[in-house]
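Here's the structure we're looking at; comments come further down.
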Amino acid sequence: MATLEEYRSIVGDEVIAEIYRTARPLYGKRVLHINSTYYGGGVAEMLYSLVPLLNAAGVEADWRTLRGTPEFFAITKKFHNAIQGESIHMTDIKAELYVENNRDFAAYCKIDADCVMIHDPQPLPLIRFYRKSQPWLWRCHVDMSHPNEALWDFLKGFILAYDSIIVSDEQYVRKDLPVTYKIIEPAIDPLSSKNKDIPEDLIQRTLAKYGVPDDKPFITQISRFDKWKDPAGVIEVFKHVRKEVDCRLVLCGSMATDDPEGWDLFERTRLSAGSMIDNKEVILITAEDNILVNALQRMARVILQKSSREGFGLTVTEALWKAKPVVASNVGGIPRQIIDNSTGYLVEPGDTTGWSERICYLMKHERTARAFGEVGKEHVRKNYLITRHAIDDLRLFSKMLA
Ligand code: UDP
């Protein structure tokens, strides 16, 4: 675990001093984060770095993970999809199972923090099962601007009890929600095993261990096997790219404990890749391994993020931090990171030809690829490192506890 001082050489003295300064009114205060998976996906990724940083600054920060039955996670995954606009058949049984699982968890999770931050919809109903004697904040990491209305009405019943909601982007705010909100953009930890510099021989050994040959360049998308990440669409794009550039595609997606659809999507992706898997033109990996992600992002020629919806897209941030050219969908939080033709290329998700043209261009024009990478890395250094997120959180907690 990195110490605060270790970030100095990356972010500068002023940022470190600001963290200590903003933490000062919070000495001895206990803040509790609750989410629903301890690995897989961006939320766990951020909490893993953020919580120790808050502690290092003098706040007593804690992180707990909601446990749930497979049925519960099947329902919350449907909710997750419906918050992003997909249809859902809302039934009393779904609603009951969702609430009951939270009630059960509350029976063995004591909360005595001074401020509670709940992440995403899975633990949202918890607020109902405690005597509320502190501010509760709901941090929604997905785009909830166009949710399924029946679900939204149901969830709103819980959200209204919160003291503030936090979203990643101004455009995600719902106008029909009379609760104060705050924008906090996500961030990555430059010193985590996923993002720190790693030696060349470790990169080579790691890629060899996972069966990624080094005889040709490869492009990659690193994302959960989730329909919003469109792995099948990436395969389609690759079918075009391989006609022009001799390369491989590596799709890497670990399976989160709160995402029951992962294996199904993996299987469908495998089928659409067909014989390209046998001759290793397409390599699918399902391991949870930060060094692997780091190595793939460092060795890929171009990194893709072909999401049809994306709350923010930490994978894009991670790729930019490694000074890689990125081709990504013009959706959600991605355009904040990818400035078209400067830190990468933005493409509409359905424009398969546009995707393959941009990817091929970057594979053939190394100088442009390098220039994009350098600008991208600076963009992340200024805006999307975990130290900035820690300051945002500390300011928010101070305001809530003032
Ligand atoms: N991730 C990972 N291994 C994988 C796939 C994804 O560690 O095989 C990580 C990825 O590096 C990133 C996070 O999961 O840190 C995904 O965050 P993002 O915001 O891109 O998407 P989310 O999964 O939260 O929708």
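Atoms within a ligand are numbered from 1 in the order they appear, just like the ligands themselves. Scope of the values below: all heavy atoms of this structure, side chains included, with no hydrogens, waters or symmetry mates.
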Is [X] in polar range of ligand 1, meaning some N or O pair under 3.5 Å apart?
X: V293; result: no
X: E288; result: no
X: V43; result: no
X: S254; result: yes
X: Q297; result: no

If you look only at distance, which donor and acceptor atoms sit under 3.5 Å apart when one is on a side chain in residues 313-328 and the other is two or more places apart or in another chain?
{"residue": "T315", "atom": "OG1", "partner": "Q305", "partner atom": "OE1", "Å": "2.8"}
{"residue": "T317", "atom": "OG1", "partner": "G313", "partner atom": "O", "Å": "3.3"}
{"residue": "T317", "atom": "OG1", "partner": "L314", "partner atom": "O", "Å": "3.4"}
{"residue": "T317", "atom": "OG1", "partner": "Q337", "partner atom": "OE1", "Å": "2.6"}
{"residue": "E318", "atom": "OE1", "partner": "Q297", "partner atom": "NE2", "Å": "3.1"}
{"residue": "K322", "atom": "NZ", "partner": "K194", "partner atom": "O", "Å": "2.8"}
{"residue": "K322", "atom": "NZ", "partner": "N195", "partner atom": "OD1", "Å": "2.7"}
{"residue": "K322", "atom": "NZ", "partner": "Q297", "partner atom": "OE1", "Å": "2.6"}
{"residue": "K324", "atom": "NZ", "partner": "R298", "partner atom": "O", "Å": "2.9"}
{"residue": "K324", "atom": "NZ", "partner": "A300", "partner atom": "O", "Å": "2.9"}

Could you please spell out the steps behind the salt bridge (Lys or Arg N to Asp or Glu O under 4.0 Å) verdict for D92 and K94? CA-CA 5 Å; D92 290 347; K94 283 196 186 87; over 6 Å; no
Which ligand 1 atoms are under 4.0 Å away from a heavy-atom of [X]?
X: K229; result: 21 (O), 22 (P), 23 (O), 25 (O)
X: C252; result: 5 (C), 8 (O)
X: G313; result: 19 (O), 20 (O)
X: T315; result: 10 (C), 12 (C), 20 (O)
X: I222; result: 4 (C), 5 (C), 6 (C)

Whether W63 and Y48 hold their rings parallel, tilted or perpendicular, with breakpoints at 30° and 60°: perpendicular
With under 30° as parallel and over 60° as perpendicular, where do the rings of H141 and H119 fit, or are they tilted in between? parallel
Quick test: of every protein heavy atom, which one is nearest to [atom], and how far off is it to 0.1 Å?
atom: atom 14 (O) of ligand 1; answer: G41 N, 3.5 Å
atom: atom 23 (O) of ligand 1; answer: R224 NE, 2.7 Å
atom: atom 18 (P) of ligand 1; answer: L314 N, 3.5 Å
atom: atom 16 (C) of ligand 1; answer: G42 N, 3.6 Å

Kindly determine whether I127 and W138 satisfy side chain to side chain contact (heavy atoms under 4.5 Å, CB included), including the steps that lead there. CA-CA 10 Å; I127 193 162; W138 185 49; over 6 Å; no
Before you tell me yes or no, could you show the steps for I203 and L207 under side chain to side chain contact (heavy atoms under 4.5 Å, CB included), namely the whole-Å CA-CA distance, both residues' side-chain angles and the distance that decides it to 0.1 Å? CA-CA 6 Å; I203 295 178; L207 295 185; 4.2 Å; yes
Where do D163 and K132 land on the salt bridge (Lys or Arg N to Asp or Glu O under 4.0 Å) test, with the steps shown first? CA-CA 11 Å; D163 297 275; K132 192 164 170 282; 2.9 Å; yes
Evaluating non-hydrogen atoms only, which member of R309, H141, Q221, E318 is closest to atom 15 (O) of ligand 1? E318
Looking at M46, K194, M255, the heavy atom closest to atom 2 (C) of ligand 1 belongs to K194
So which pairs with a foot in residues 362-374 pass side-chain hydrogen bond (donor to acceptor under 3.5 Å, both in side chains), sequence neighbours left out? E244-K364
If only atom types and distance count, is the side chain of W355 paired as donor or acceptor with the main-chain N or O of S329 below 3.5 Å? no
Could you check whether S168 and R139, counting side-chain N and O atoms only, form a donor-acceptor pair closer than 3.5 Å? yes
